[in-house]
Amino acid sequence: MNAKHPLEGQCALVTGGATGIGAAIAGALAAAGANVVVNYFRSGDAAERVAEAIRAGGGKALTVRADVSREPDVLALFAQAIQAFGTVDILVNNAGIQRDAPLLEMGLADWEQVIAVNLTGQFLCAREAAREFLRRGVIAERSCAAGKIICISSVHQRIPWAGHINYAASKGGVAMLMASLAQELAPQRVRVNAIAPGAIKTDINRDAWATPDDEARLLQLIPYGRVGDAPDVAKAAVWLASDDSDFVTGATLYVDGGMALYPAFGGGNG
């Protein structure tokens, strides 16, 4: 394995790769040597900017529009990736949405849409990735594994979140989806892991950190004393995609500055 480019010659497909955490992961995987498929649904211009940055750095990238909650779109997404790069070696299941409301005000459509994108989308993409991994098998000079799936979850797979029950339920489902996939696919040399980000500075949660007062309130939830940045998650994704983590499967890596440690109990007076 090339130490500088541990993903040399591999193809990585990143869902929701146009903005935020997904864009940072796409760029980091490319810097590690992977050819990258940047999936998007609405943010076509942003996706192309991510791809152009990868190409400017000497990498290869393709943008593909697909709604991951729709099976025909997912089938077409993987077909285009395989046509462009020959196969898919790495799937980063990152696409996700929020439709927040208190329980008594949440409509069925908001519940169903979040579950469809955040959970069903991960299932559909993981299934197609696994089909390709098992069709191809291990290529020893490329990777020890036949394929790698990284599910982007959230600290809210573990921490309840009133007012966001659809999102928290979807991420709780991702945790068990990941673990069950890991158990099922490990004998075929497919590794499946998750990253659970905490508070990360992206546009989707800008209101939580946009002003010094907002950030100070947020930091009360983060023992490590800073809000995360998208590259914090991207670096973890590169490690999980590489052979450096070859004996790791079925694990959730919390990239959260300790948010999941329930800091309110930190004084020992709980």
Side-chain angles (χ1 to χ4, degrees), residues 1-18 20-40 47-64 77-95 125-126 128-152 181-182 185-186 188-195 229-251 253 255:
M1 183 177 66
N2 185 321
K4 187 175 181 181
H5 299 112
L7 306 179
E8 187 81 49
Q10 299 185 50
C11 172
L13 192 161
V14 182
T15 68
I21 288 173
I25 290 174
L29 294 174
N35 303 320
V36 181
V37 179
V38 181
N39 159 250
Y40 69 95
E48 192 53 43
R49 286 193 293 271
V50 172
E52 287 172 358
I54 289 171
R55 296 178 192 122
K60 296 180 181 179
L62 170 72
T63 62
V64 180
L77 169 62
F78 275 81
Q80 290 181 64
I82 292 166
Q83 181 178 24
F85 296 121
T87 189
V88 173
D89 302 273
I90 301 156
L91 167 66
V92 181
N93 256 334
N94 170 74
C125 291
E128 292 314 303
R131 285 173 172 167
E132 175 60 13
F133 299 161
L134 300 185
R135 180 202 66 78
R136 172 179 33 76
V138 175
I139 300 177
E141 60 270 23
R142 186 179 295 171
S143 176
C144 298
K148 287 85 59 159
I149 298 172
I150 302 167
C151 300
I152 304 301
L181 289 174
L185 295 173
Q188 284 77 47
R189 303 283 291 186
V190 173
R191 296 195 295 108
V192 188
N193 293 287
I195 299 173
D229 292 306
D232 292 318
V233 182
K235 292 171 188 175
V238 170
W239 181 72
L240 285 174
S242 76
D243 283 354
D244 287 341
S245 61
D246 185 57
F247 203 50
V248 179
T249 194
L253 179 56
V255 180

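Numbers here are sequence positions counted from 1.
Looking only at side-chain heavy atoms (C-beta outward), Leu253 and Asn193 stay at 4.5 Å or farther from each other. Residues Leu29 and Val238 are in side-chain contact: their nearest non-hydrogen atoms beyond the backbone lie under 4.5 Å apart. Side chains of Asp243 and Pro6 form no contact here, defined as non-hydrogen atoms less than 4.5 Å apart. Side-chain atoms of Val14 and Val38, non-hydrogen and from C-beta on, never get closer than 4.5 Å to each other. Under the 4.5 Å side-chain criterion, counting only non-hydrogen atoms from C-beta, Thr63 is not in contact with Val50. Side-chain contact check for Ile25 versus Ile152: some heavy-atom pair is nearer than 4.5 Å. In this structure, the side chains of Trp239 and Ile195 stay at 4.5 Å or more apart for every pair of heavy atoms. Between Gln83 and Leu62, every side-chain heavy-atom pair lies at or beyond the 4.5 Å cut-off.
Between the CG atom of Asp89 and the CZ atom of Phe133 there is a distance of 7.0 Å, given to the nearest 0.5 Å. Summarising the geometry, atom CZ belonging to Arg55 is positioned 4.5 Å from atom CD belonging to Glu48; distances are rounded to the nearest 0.5 Å. Atom CD1 of Ile90 sits about 10.0 Å away from atom CG of Asn35, to the nearest 0.5 Å. To the nearest 0.5 Å, atom CG of residue Leu13 and atom CG of residue Asn94 are 11.0 Å apart. Atom CG of Leu185 sits about 6.5 Å away from atom CG of Leu134, to the nearest 0.5 Å.
Ion pairing of Glu128 with Arg131 is present here, as a side-chain N (NZ or NE/NH1/NH2) and a carboxylate O approach within less than 4.0 Å. Salt bridge annotation for Arg135-Glu132: present, with a cationic side-chain nitrogen under 4.0 angstrom from a carboxylate oxygen.
With hydrogens and angles disregarded, a donor-acceptor distance shorter than 3.5 Å links the side chain of Ser245 to the backbone of Leu240. Although no hydrogens or angles enter the test, the distance criterion places no donor-acceptor pair under 3.5 Å between the side chain of Arg136 and the main chain of Gly147.
The one candidate from Gln10, Arg189, Lys148 that meets the side-chain hydrogen bond (donor to acceptor under 3.5 Å, both in side chains) condition with Ser143 is Lys148.
The minimum heavy-atom distance linking Ala230 with Ile21 is given by the pair CB-CA, 4.2 Å.
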